[in-house]
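What follows is a set of notes on a single structure, which appears directly below.
Atoms considered below: every heavy atom in the structure, side chains included; atoms not considered: hydrogens, waters and symmetry mates.
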Amino acid sequence: MFYKNARIFTSDFRFVTGGFEVKDGLFGAVLPENVPADAVDLKGATVIPGLVDVHSHGNSGADFSDGDYEGLKKMAAYYASCGVTSFAPASMTLPYDVLEKAFATAKQLKAEAPAGHARLMGIQMEGPYFSYKKRGAQNPDYLKEPDFEGFKALYDGCDGLVRIVDIAPELPGAAEFVEKASKLCTVSIAHTDSDYDHARAAVDAGVTHLTHLYNAMPGIHHRNPGVIPAAVENPNVRAEIICDGYHIHPASVRLAFTMFKNRMILVSDSGRCAGLPEGSKFELGGQDCWLRGGVARLADGTIACSAANLWQCLTNVLSWNIPEEEAVRAATWNPACALGAQNKIGSIEGGKLADFIVCSPDYSEKRVFIGGIEL
């Protein structure tokens with residue numbers, strides 16, 4: 001099937017008006033010289049790749065760490081309805097046996113790939129190798145020092161589906177962990193009280209990712225620069241950012257896009273409260289949370305996960321004057337690269353999975369396609 005008169009976000013990160021082909025669930029020709037007369041006329045609509053969320057714990061009352069397969073399927077259906085066509089569910093700081101059970105459900109969903117659901121393209125292992133001081137909403141009872149053998153057992157148990165693993169670089173053995181783990185997947189700095197030197201050592205050892213930039217890490221200080229400048233200095237490091245409108249001020253989001261030019265990744269960091277009504281009480285990593293005023297908090301007031309989805313985060317940053325090309329790249333191509341899945345998803349190119357969104361110029365309306373089939 002051919003489409004014409006579309007404003008297409010191309011693989012060189014710009015918008016070009018033209019047509020494209022979908023065949024057998026894949027993109028065929030993109031911007032072909034000749035488009036058939038009977039091609040579907042999109043009448044100038046914007047077409048972008050399906051969104052890729054590499055950091056979301058749950059939605060619709062379900063959480064990945066529950067280890068419940070039906071709950072994970074419910075999550076994948078909700079993502080798809082929001083334009084998130086690929087995702088990597090994030091675990092929490094929990095015992096290894098609990099993580100093993102959750103990772104098994106990811107392996108099952110990856111294998112079954114039910115129609116009409118977002119594609120599971122990996123796992124982000126958020127914890128347990130974190131700082132107590134910067135634990136945020138992570139359960140302190142299960143924090144551990146870096147343990148490569150334990151991580152490797154979990155990694156092997158899910159056939160390498162862990163595509164991002166998080167670590168606080170100031171912990172004993174962190175640099176050695178990074179050096180080994182980075183040969184298997186993306187390694188990210190997260191929930192850390194690290195100084196610049198430890199962060200720089202981790203980046204030099206192989207870190208290429210920052211988890212939820214600004215949150216659960218030291219701020220930038222002119223005499224104690226910390227994690228963020230250590231990451232900015234290395235062009236191989238990308239940074240996630242939560243743009244639900246509560247975790248980070250829009251001015252700080254604009255600063256992040258300036259510091260990490262073309263290296264930003266939008267994430268929802270949503271919990272099971274996403275899609276639930278205001279006032280809902282729910283559980284996160286063995287701790288009680290409440291959704292109040294649109295933001296999830298622990299009993300002590302600590303901001304926890306978000307209640308947003310990635311489409312909302314994208315429209316937020318567009319309203320905060322992030323250039324459209326940079327915003328769309330941060331929700332599609334860059335997260336696909338973090339998962340090592342850029343040869344399958346993240347851009348509109350011949351031979352890739354035909355996951356895309358047809359939307360109005362102001363992003364207020366959208367139609368979602370997975371494998372070329374509209375939901």
Side-chain angles (χ1 to χ4, degrees), residues 50 52-58 63-69 71-73 75-76 79 84-114 117-130 144 146-167 173-190 202 205-211 236-238 240 265 267 332-346 351-353 355:
V52 182
D53 195 347
V54 302
H55 191 151
S56 170
H57 297 280
D63 190 293
F64 173 51
S65 294
D66 293 341
D68 176 60
Y69 179 68
L72 185 57
K73 279 184 67 177
M75 288 166 53
Y79 292 130
V84 177
T85 57
S86 295
F87 74 109
S91 58
M92 292 287 290
T93 294
L94 291 163
Y96 282 162
D97 62 330
V98 176
L99 296 178
E100 182 180 14
K101 181 182 177 183
F103 291 6
T105 66
K107 182 178 175 181
Q108 183 179 353
L109 187 67
K110 174 74 171 177
E112 295 187 2
H117 293 63
R119 304 178 192 273
L120 191 145
M121 300 299 290
I123 295 166
Q124 176 162 179
M125 184 174 164
E126 190 184 8
Y129 316 126
F130 289 156
K144 296 174 67 71
D147 171 21
F148 180 76
E149 296 306 317
F151 160 72
K152 184 64 162 53
L154 289 167
Y155 177 93
D156 289 341
C158 64
D159 294 341
L161 264 184
V162 178
R163 304 313 309 143
I164 303 173
V165 62
D166 297 353
I167 190 169
E176 293 81 1
F177 179 96
V178 172
E179 185 176 2
K180 294 177 181 178
S182 62
K183 294 179 172 61
L184 302 175
C185 66
T186 294
V187 183
S188 183
I189 291 175
V207 159
T208 56
H209 198 94
L210 287 188
T211 292
N236 295 318
V237 180
R238 302 181 186 89
E240 299 177 4
I265 295 175
V267 297
T332 57
W333 173 257
N334 289 353
C337 291
L339 298 178
Q342 66 270 29
N343 63 329
K344 295 180 179 179
I345 60 173
K352 289 190 175 183
L353 295 167
D355 301 341

>> Whether Asp97 and Lys101 form a salt bridge (side-chain N of Lys/Arg under 4.0 Å from carboxylate O of Asp/Glu) is what I want to check.
In response: no
Would you say the side chain of [Y] lies within less than 4.5 Å of the side chain of [X], judging by non-hydrogen atoms?
{"X": "Leu339", "Y": "Val52", "value": "yes"}
{"X": "Leu109", "Y": "Tyr69", "value": "yes"}
{"X": "Thr208", "Y": "Val187", "value": "no"}
{"X": "Val178", "Y": "Ile167", "value": "yes"}
{"X": "Phe177", "Y": "Val165", "value": "yes"}
{"X": "Leu210", "Y": "Glu240", "value": "no"}
{"X": "His57", "Y": "Met92", "value": "yes"}

Got a donor-acceptor contact below 3.5 angstrom from the [X] side chain to the [Y] backbone?
{"X": "Tyr79", "Y": "Phe87", "answer": "no"}
{"X": "Arg119", "Y": "Lys110", "answer": "no"}
{"X": "Asp63", "Y": "Ser65", "answer": "yes"}

I need the minimum non-hydrogen distance between [X] and [Y], along with the two atoms involved.
{"X": "Ala338", "Y": "Ile265", "result": "CB-CD1, 3.9 Å"}
{"X": "Met75", "Y": "Phe64", "result": "SD-N, 3.7 Å"}
{"X": "Pro128", "Y": "Tyr96", "result": "CG-CE2, 4.3 Å"}
{"X": "Asp53", "Y": "Ser56", "result": "OD2-CB, 3.6 Å"}
{"X": "Ala181", "Y": "Phe148", "result": "N-CE1, 3.6 Å"}
{"X": "Ser91", "Y": "Leu99", "result": "CB-CD2, 3.7 Å"}

>> If we check side chain to side chain contact (heavy atoms under 4.5 Å, CB included) with Ile164, which of these qualifies: Glu126, His209, His55?
In response: His209
>> Please tell me whether Gln124 and Thr211 have a donor and an acceptor in their side chains that are separated by less than 3.5 angstrom.
In response: yes
> Cationic tip of Lys180 within the cone over Phe151's six-membered ring, i.e. under 6.0 Å and within 45° of the normal?
Replying inline: no
> Got a second to check how far Asp147's CG is from Lys152's NZ, nearest 0.5 Å?
Replying inline: 13.0 Å
